[in-house]
Amino acid sequence: MLITGATSGIGEATARLAAQQHFRVIICGRRAERLEKLKHELEAYADVMMLSFDVRNQQEVAAAIHALPAAWQPVDVLINNAGNAHGLDPIQTGKISDWDAMIDINVKGLLYVSHEVIPGMVARKRGHIVNLGSIAGKQTYPNGNVYCASKSAVDALTDSMRLDLNPYGIKVTGIHPGMVETEFSLVRFKGDTQRADKVYQGLTPLTGQDIAELILFVVTRPAHVVLADILVLPLAQASATVVAKTSD
Ligand code: NDP
Ligand code: 8X3
């Protein structure tokens with residue numbers, strides 16, 4: 001199983017649970033020290049390989065995946081998880097650097113990784129791709145603009161992959177979470193912990209572990225079963241904008 005964005009949040013929890021269930025895991029991310037530490041921890045349960053690359057850099061992505069030793073080359077499960085929101089500004093004052101980051105990481109990065117993995121799946125006529133979308137890809141919300149657009153693109157690509165890969169017996173799943181407490185808001189608000197913490201105050205958000213459990217469920221269904229599209233929310237959340245908070 002190759003997991004992008006395994007240095008924190010959903011990806012890290014997924015790597016941990018997958019290793020505990022004895023999947024061989026390839027953990028990816030830019031922060032090599034975190035990958036080293038996680039690799040060391042997970043080797044108690046399973047074989048672990050780490051790849052440090054920036055999904056925005058197509059050459060880095062291709063070189064890292066091609067350099068996998070032959071025994072690790074057949075990637076049968078790809079978890080396209082790396083991604084973030086950058087900023088929460090109205091469209092008229094949005095920053096080009098934030099827009100570039102979201103499109104380059106969430107959309108182009110997912111494509112670059114998929115480009116290196118899909119041909120092997122097609123040749124072997126087997127595989128499972130799980131793309132992390134978001135409720136933001138299903139419903140827009142004020143100031144969500146480019147993040148919503150990037151996740152809407154992930155949703156469209158997930159459906160497109162399922163269509164194109166249908167003749168090859170490859171499963172494709174879209175998982176679309178609502179609020180999950182990870183480093184997501186810290187990244188969105190550029191390290192402002194107070195603002196990030198406030199997002200999850202007054203409700204019980206989902207955790208990375210909740211989504212990891214869902215991912216492991218999805219990839220362990222019988223061969224004929226595909227969970228195609230999953231929206232998963234904390235109890236307090238009814239839509240992208242309707243959240244029952246007990247306090248602000
Ligand atoms: P985190 O910020 O905790 O994790 C993001 C992961 O993505 C990190 O491991 C980070 O690794 C990796 N990443 C970010 N940019 C790059 C890059 N340029 N190259 C390689 N890896 C990168 O957030 P989450 O765990 O919450 O997010 C995981 C996915 O879930 C994302 O796609 C997000 O959009 C989606 N999601 C999150 C929700 C939430 O509320 N948290 C809700 C719905 C969807 P590193 O920095 O080491 O490179
Ligand atoms: C993350 C959830 O609602 O902040 O994708 O966009 S939200």
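When a ligand or atom number is given, it counts from 1 through the structure's own listing order. Small disclaimer: the values here were computed from a predicted structure and weren't measured.
- Using modelled atom types, no side-chain atom of Lys138 and backbone atom of Gly133 make a donor-acceptor pair closer than 3.5 Å.
- The single protein non-hydrogen atom nearest to atom 34 (O) of ligand 1 is Tyr147 OH, 2.7 Å, given as residue, atom name and distance.
- Residues Arg16 and Glu41 are paired through a salt bridge, judged by an N-O separation under 4.0 Å between the basic side chain and the carboxylate.
- Counting atoms of ligand 1 from 1 in the listed order, those under 4.0 Å from a heavy atom of Phe53 are 19 (N), 20 (C).
- Around atom OH of Tyr141, more than 12 heavy atoms belonging to other residues, nucleotides or ligands sit under 6.0 Å away.
- Distance alone, capped at 3.5 Å, places no donor-acceptor pair between the Glu181 side chain and the Leu206 backbone.
- At least one heavy atom of Lys151 sits closer than 4.0 Å to an atom of ligand 1.
- Heavy-atom proximity to Arg56, at under 4.0 Å, picks out these atoms of ligand 1: 18 (N).
- With hydrogens left out, the protein atom closest to atom 8 (C) of ligand 1 is Thr7 OG1, 3.4 Å, a heavy atom.
- In terms of polar-atom proximity, defined here as any N/O pair under 3.5 Å, Val180 does make such a contact with ligand 1.
- Shortest contact from atom 43 (C) of ligand 1 to any protein heavy atom: Pro177 O, 3.2 Å.
- Counting only non-hydrogen atoms, the option in Gly178, Ala15, Ala212 that gets closest to atom 38 (C) of ligand 1 is Gly178.
- Using a 4.0 Å cut-off between a side-chain N of Lys or Arg and a carboxylate O of Asp or Glu, Glu183 and Arg34 qualify as a salt bridge.
- Side chains of Pro74 and Arg124 form a contact here, defined as non-hydrogen atoms less than 4.5 Å apart.
- Closest protein heavy atom to atom 18 (N) of ligand 1: Asp54 OD1, 2.9 Å.
- The protein heavy atom nearest to atom 17 (C) of ligand 1 is Arg30 NE, 3.4 Å.
- Nearest protein neighbour of atom 29 (C) of ligand 1, counting heavy atoms only, is Asn81 O, 3.0 Å.
- Counting only heavy atoms of the protein, atom 21 (N) of ligand 1 lies nearest to Ala82 CB, 3.7 Å.
- Geometrically, Arg188 does not engage Phe184 in a cation-pi contact, judged by NZ or CZ lying under 6.0 Å from the ring centre and within 45° of the ring axis.
- Taking Phe23 as the reference, nothing meets the ring pair (Phe, Tyr, Trp, His ring centres under 6.0 Å) condition, with sequence neighbours excluded.
- Close approach of ligand 1 to Gly9 (heavy-atom distance below 4.0 Å) involves ligand atoms 3 (O), 25 (O).
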Give a table of atom pairs where an N or O of ligand 2 lies under 3.5 Å from a protein N or O.
from     : atom 1 : to     : atom 2 : distance (Å)
ligand 2 : 5 (O)  : Ser134 : OG     : 2.5
ligand 2 : 5 (O)  : Tyr147 : OH     : 2.6
ligand 2 : 6 (O)  : Tyr141 : OH     : 2.5

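- Without hydrogens or angle criteria, Glu60 side chain to Phe53 main chain gives no donor-acceptor distance under 3.5 Å.
- Within the set Ser150, Ser134, Gly133, Gly29, the minimum heavy-atom distance to atom 35 (C) of ligand 1 is found for Gly133.
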Considering only distance and modelled atom types, tabulate donor-acceptor pairs under 3.5 Å from the side chains of residues 107-120, sequence neighbours left out.
from   : atom 1 : to     : atom 2 : distance (Å)
Ser114 : OG     : Asn80  : ND2    : 3.0
Ser114 : OG     : Leu110 : O      : 2.7
Glu116 : OE1    : His66  : NE2    : 2.9

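- For Lys37, there are no side chain to side chain contact (heavy atoms under 4.5 Å, CB included) partners, not counting sequence neighbours.
- Between Lys171 and Asp76 there is no salt bridge, since no side-chain N of the basic residue sits under 4.0 Å from a carboxylate O of the acidic one.
- The nearest heavy-atom contact from the protein to atom 24 (P) of ligand 1 is Thr182 OG1, 3.4 Å.
- Which of Ala32, Ser8, Gly5, Gly109 comes nearest to atom 3 (O) of ligand 1 through a heavy atom is settled by distance: it is Ser8.
- With a 4.0 Å heavy-atom cut-off, ligand 1 is reached by the side chain of Ile105 but not by its N, CA, C or O.
- Which of Ile10, Asn106, Leu206 comes nearest to atom 25 (O) of ligand 1 through a heavy atom is settled by distance: it is Ile10.
- Of the candidates Asp229, Val232, Ile230, Asp229 is the only one forming a side-chain contact (heavy atoms from CB on, under 4.5 Å) with His176.
- Nearest residue to atom 27 (O) of ligand 1 from Ala13, Gly83, Ala6 is Gly83 (criterion: closest heavy atom).
- Residue Arg126 places its CZ atom among 12 or fewer non-hydrogen atoms of other residues, nucleotides or ligands, all under 6.0 Å distant.
- Note: Leu2 CG to Ile65 CD1 = 5.5 Å, rounded to the nearest 0.5 Å.
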